[in-house]
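Hydrogens, waters and symmetry mates are skipped; everything else that's a heavy atom, side chains included, is used.
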Amino acid sequence: MLVAISNTPRDYAWGSPTLIADLEGREPTGAPEAEIWFGDHPGSPAEVHDGTERTLDAWLPATAREHDVPAKLPYLLKLLAAGAPLSIQVHPSKEQAVEGFAREEEAGVARDAGSRNYKDDNHKPEVIVALSDTFTALAGLRDIARTRALVDALGDAPAVTTLRAHLSVDDASEALRATIGWLLGEADAAEIAQIVDAAASTDSAAFAAELELTRSLHTAYPADPGIVVALLMNLVTLRRGEAIFVPAGVPHAYVEGLGVEIMAASDNVLRGGLTPKHIDVAELLALVDFRPAEPPYLRPTTAGEGAEVFAPGIADFALGHLVPGASSHLDLRGVSIALGVAGSATLTGASGESVTLAPGQAALVTPDESPVTSDGAGEVFVAMPGA
């Protein structure tokens, strides 16, 4: 069974007013359009267009036995359009989520409370693939020698000297833990402002992009300590079709661009700056992986004629990609969601049933329709369970 699904854009303030509209070939509404969710997450379940007037969270349990689908999806697929930087975020591991959720439940913290850290007991690893010509992100903590070199370029204001001292600890992970703990929990507003001012007024050919981002973040989030945390992170520019995988514990923030994102079905977010929302510094420090690392690029693997898969090696999800220009063939790993992103693609299942997807249009595909083929005229991403 192939059945069309749809949803409306979510109007978070950081959303782009044009990127999703341009993809879909329509006039912008004038409001920010940040994300479109294609899944059964109760926060914004997709509508199923089969005449039942059900949303996907109700449709799946009602048809699970008939169509051999689970009552709940293990993943959530999104279009994400960042017109302004998102908050710096970290997601827990499965074990951390189970423990944290149980702890807050036992303490009686309301699930909609602003101070609530764990909305559910699941982890939230995620992959994003760039759809715009470039997609800018912060992902993971940079090699500490390069970070020290960046800070050395900022001069000798007292707060910069303090920052440099925290980063001078021999063990790189401990240095970054101490630095982020100081920035988010101990440094006062005047110290943060002094570091940001130093970075905003510094010229350095080696770190031109990072310092330009500092100036941009200062405009969006004046005196936010996350601006300085961002100086410790890898600045990544993805070209169209390139991806990063963000596992548990890796700090990240999407800055600008359009992408297709897939994640485990969870709403667990610990914030680390660039936000007016609650930051639980102690809990954040307990979750962050402070080991410096290169940007977490994820390369696709070939998955048959005209197809590839972004597979991070987890059970929750993989993201298939049917490339334009040739007839494509993809074996599904379970109940899937196909999303058109360019051109017009006709997707045909094993039964011979088909659906045509324009950019921004999606369809749920039941496992008995595997393998699916595409006529090659358009480009399609396919969310499915992982290996």
Side-chain angles (χ1 to χ4, degrees), residues 1-7 23 36-41 46 48-49 56 60 67-70 73-80 125-131 240-243 245 258-265 298-351 353-387:
M1 184 179 189
L2 292 84
V3 57
I5 63 173
S6 68
N7 213 334
L23 177 81
I36 302 179
W37 293 16
F38 300 100
D40 62 340
H41 193 286
V48 183
H49 298 285
L56 194 53
L60 285 169
H67 292 291
D68 189 29
V69 296
L73 294 175
Y75 59 79
L76 175 61
L77 180 69
K78 297 180 180 181
L79 276 175
L80 182 147
E126 57 192 51
V127 167
I128 192 156
V129 184
L131 292 180
R240 194 183 194 284
E242 293 181 334
F245 168 54
L258 178 68
V260 56
E261 183 183 31
I262 187 169
M263 62 186 63
L298 178 66
R299 314 295 182 189
T301 56
T302 301
E305 182 182 359
E308 58 187 12
V309 176
F310 294 89
I314 59 176
D316 305 80
F317 63 79
L319 187 63
H321 181 210
L322 301 174
V323 301
S327 180
S328 304
H329 171 108
L330 181 67
D331 290 314
L332 305 179
R333 300 177 179 178
V335 62
S336 303
I337 294 176
L339 172 65
V341 298
S344 177
T346 298
L347 202 66
T348 303
S351 70
E353 188 176 347
S354 64
V355 63
T356 298
L357 300 175
Q361 294 182 340
L364 182 136
V365 185
T366 54
D368 55 352
E369 294 290 355
S370 181
V372 293
T373 59
S374 173
D375 62 9
E379 184 179 8
V380 177
F381 283 89
V382 182
M384 55 187 173

Going by distance alone, is a donor N or O of one side chain under 3.5 Å from an acceptor N or O of the other, for Ser351 and Glu369? yes
Non-hydrogen side-chain atoms of [X] and [Y] separated by less than 4.5 Å:
| X | Y | value |
| --- | --- | --- |
| Leu77 | Leu319 | yes |
| Leu364 | Val48 | no |
| Phe38 | Leu79 | yes |
| Thr373 | Leu347 | no |
| Pro359 | Val341 | no |
| Ile337 | Ile5 | yes |
| Leu73 | Leu56 | yes |
| Val365 | Val372 | yes |

Roughly how far apart are [X] [atom1] and [Y] [atom2], rounded to 0.5 Å?
| X | Y | atom1 | atom2 | result |
| --- | --- | --- | --- | --- |
| Thr348 | Leu2 | OG1 | CG | 8.0 Å |
| Leu298 | Glu242 | CG | CD | 11.5 Å |
| Leu80 | Glu126 | CG | CD | 9.0 Å |
| Ile36 | Asn7 | CD1 | CG | 7.5 Å |
| Met263 | Phe245 | CE | CZ | 12.0 Å |

Of all the heavy-atom pairs spanning [X] and [Y], show the shortest one and how long it is.
| X | Y | answer |
| --- | --- | --- |
| Thr346 | Ser354 | CG2-CB, 4.0 Å |
| Ser336 | Tyr75 | CA-OH, 3.3 Å |
| Asp375 | Ala345 | OD1-CA, 3.8 Å |
| Pro74 | Asp316 | CG-O, 3.5 Å |
| Val127 | Ala243 | CG1-CB, 4.3 Å |
| Val335 | Pro70 | CG1-CD, 3.4 Å |

Give every residue pair that meets the ring-ring contact (aromatic ring centres under 6.0 Å, His included) criterion with at least one member in residues 358-378, sequence neighbours excluded. none
Residues in ring-ring contact (aromatic ring centres under 6.0 Å, His included) with Phe317, at least two apart? none
Report the residues that fulfil side-chain contact (heavy atoms from CB on, under 4.5 Å) with Ala363, sequence neighbours left out, ordered by chain and then residue number. Val355, Leu357
Set of side-chain contact (heavy atoms from CB on, under 4.5 Å) partners for Ser344, sequence neighbours left out: Thr356
How far apart are the C-alpha atoms of His49 and Ser6, what are their side-chain angles, what is the distance that settles it, and do they pass the side chain to side chain contact (heavy atoms under 4.5 Å, CB included) test? CA-CA 8 Å; His49 298 285; Ser6 68; 2.6 Å; yes
Kindly indicate, with the supporting measurements, whether the criterion side chain to side chain contact (heavy atoms under 4.5 Å, CB included) is fulfilled by Leu339 and Val260. CA-CA 9 Å; Leu339 172 65; Val260 56; 4.0 Å; yes
Would you tabulate the side-chain donor-acceptor contacts of residues 379-387 under 3.5 Å, counting partners in other chains and residues two or more places apart, or write 'none'?
| unit_1 | atom_1 | unit_2 | atom_2 | d |
| --- | --- | --- | --- | --- |
| Glu379 | OE1 | Arg240 | NH1 | 3.1 |
| Glu379 | OE1 | Arg240 | NH2 | 3.1 |
| Glu379 | OE2 | Arg240 | NH1 | 3.3 |
| Glu379 | OE2 | His321 | NE2 | 2.7 |

Let me have the donor-acceptor pairs involving side chains of residues 324-333, under 3.5 Å, with sequence neighbours excluded, atom names and distances please.
| unit_1 | atom_1 | unit_2 | atom_2 | d |
| --- | --- | --- | --- | --- |
| Ser328 | OG | Gly306 | O | 2.9 |
| Ser328 | OG | Val323 | O | 3.2 |
| Ser328 | OG | Ala326 | O | 3.2 |

